[in-house]
Novice: 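The following block contains the structure, expressed as structure tokens.
One-based numbering, in listed order, for ligands and for the atoms of each.
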Amino acid sequence: MRLDRYLAERLGITRGESRKLAASGRVTVDGAVCRKADTRLEESVVRVAVDGRPLAGSYRKYVYLMLNKPQGVVSAAQDRRDTTVVDLVREDFPRRQLFPAGRLDKTSTGFVLLTDDGAFAHEILAPGRHVSKTYLVTLDTPLTEAMCRGFAAGVTLADGQTLAPAEVRPADPDDPCLVRVILHQGVYHQIKRMFGVYDAGVNGLHREAIGPVSLDPDLAPGRWRELTEAEVLALQDAARR
Ligand code: URA
């Protein structure tokens with residue numbers, strides 16, 4: 001990736017404008033002023049700043065973002081009616097074809113991973129090596145022994161589909177309706193349908209973690225940050241294990 005193309009992508013400006021920006025001496029690469037727009041950036045190691053302000057993250061071939069999805073936002077790249085998870089970050093990545101790796105319901109909140117790396121998304125979502133997902137769930141009725149046993153054995157949904165074993169346990173000793181669920185597969189409305197088998201309703205659903213990576217507690221709803229290199233590698237490792 002050349003510096004002028006990177007600046008154009010990150011700042012939403014033309015190549016010509018990036019070349020002028022570099023020539024003006026306002027751009028630094030790894031701390032040193034860089035006026036040569038054709039400078040090649042090596043993957044994952046380069047920090048570019050304009051007027052001393054670093055552009056979010058170092059240059060990367062692909063983008064990996066952790067977003068805290070608010071309620072009412074849909075997990076899609078675009079939608080004619082609703083705000084999408086990609087709309088929440090588009091301004092910062094105007095030229096990237098970002099999409100959510102996995103879905104969260106419109107009413108659910110929490111960790112959504114956005115990327116433009118199709119192979120990576122495929123790897124962590126592929127059936128058979130699906131990376132686990134951890135959810136904090138608020139039920140409309142207390143957790144029962146039958147639910148715990150059923151989840152561990154593999155719930156059979158109303159349509160006859162039998163799911164892989166999942167984990168459910170109390171999340172708060174003072175609130176029997178607050179539970180933590182860990183899934184190892186991704187089926188549409190999975191948690192709501194699993195509890196539905198036990199006539200339990202879901203009042204709140206928040207994704208806390210994807211595999212070994214937890215949602216950053218500093219991210220308010222609607223906010224995002226780039227995954228660190230260690231987090232990307234940890235997700236890849238989890239998929240390959
Ligand atoms: N299960 C659900 O029912 N909804 C989600 O958003 C995620 C898992």
Novice: If you measure every N or O of His189 against every N or O of ligand 1, does any of those distances drop under 3.5 Å?
Specialist: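 Looking only at distances, the answer is yes, because the N/O contact criterion of under 3.5 Å is met.
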
Novice: Non-hydrogen atoms of Tyr135 versus ligand 1: any pair closer than 4.0 Å?
Specialist: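 A heavy atom of Tyr135 does come that close to ligand 1.
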
Novice: Within the structure provided, determine whether Leu3 and Asp38 are in side-chain contact (heavy-atom separation under 4.5 Å).
Specialist: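 With C-beta onward as the side chain, the pair stays apart.
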
Novice: Between Leu205 and ligand 1, find which residue part has any heavy-atom pair under 4.0 Å and reply side chain, backbone, both or neither.
Specialist: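 Side chain only; the backbone of Leu205 stays clear of ligand 1.
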
Novice: Let me see the working for Ser108 and Lys192 under side chain to side chain contact (heavy atoms under 4.5 Å, CB included), right down to the final yes or no.
Specialist: CA-CA 11 Å; Ser108 301; Lys192 290 173 187 154; 4.3 Å; yes

Novice: Are the charged groups of Arg15 and Glu9 less than 4.0 angstrom apart, N to O?
Specialist: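 Not counted as a salt bridge, because no side-chain N and carboxylate O are separated by less than 4.0 Å.
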
Novice: Give a yes or no on whether a salt bridge exists between Asp159 and Arg193, defined as a side-chain N under 4.0 angstrom from a carboxylate O.
Specialist: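 Yes.
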
Novice: Could you tell me which atoms of ligand 1, counted from 1 in the order shown, lie closer than 4.0 angstrom to a heavy atom of Leu104?
Specialist: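 Answer, ordered by atom number: 6 (O).
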
Novice: How far is atom 4 (N) of ligand 1 from its nearest protein heavy atom, and which residue and atom name does that atom have?
Specialist: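 Answer for atom 4 (N) of ligand 1: Asp105 OD2, 2.7 Å.
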
Novice: Relative to each other, are the rings of Tyr198 and Phe151 parallel, tilted or perpendicular (30° and 60° limits)?
Specialist: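 Rings of Tyr198 and Phe151: tilted, as their planes differ by 30° to 60°.
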
Novice: Tell me whether Lys192 has any N or O atom under 3.5 angstrom from an N or O of ligand 1.
Specialist: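 The answer is yes, given that Lys192 and ligand 1 share an N or O pair closer than 3.5 Å.
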
Novice: Identify whether the distance between the nearest side-chain nitrogen and carboxylate oxygen of Arg90 and Asp87 falls below 4.0 Å.
Specialist: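 Between Asp87 and Arg90 there is a salt bridge, with a charged N closer than 4.0 Å to a carboxylate O.
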
Novice: Identify, for atom 1 (N) of ligand 1, the protein heavy atom at the shortest distance, and state residue, atom and that distance.
Specialist: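 Here the nearest protein heavy atom works out to Ile191 N, 3.0 Å.
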
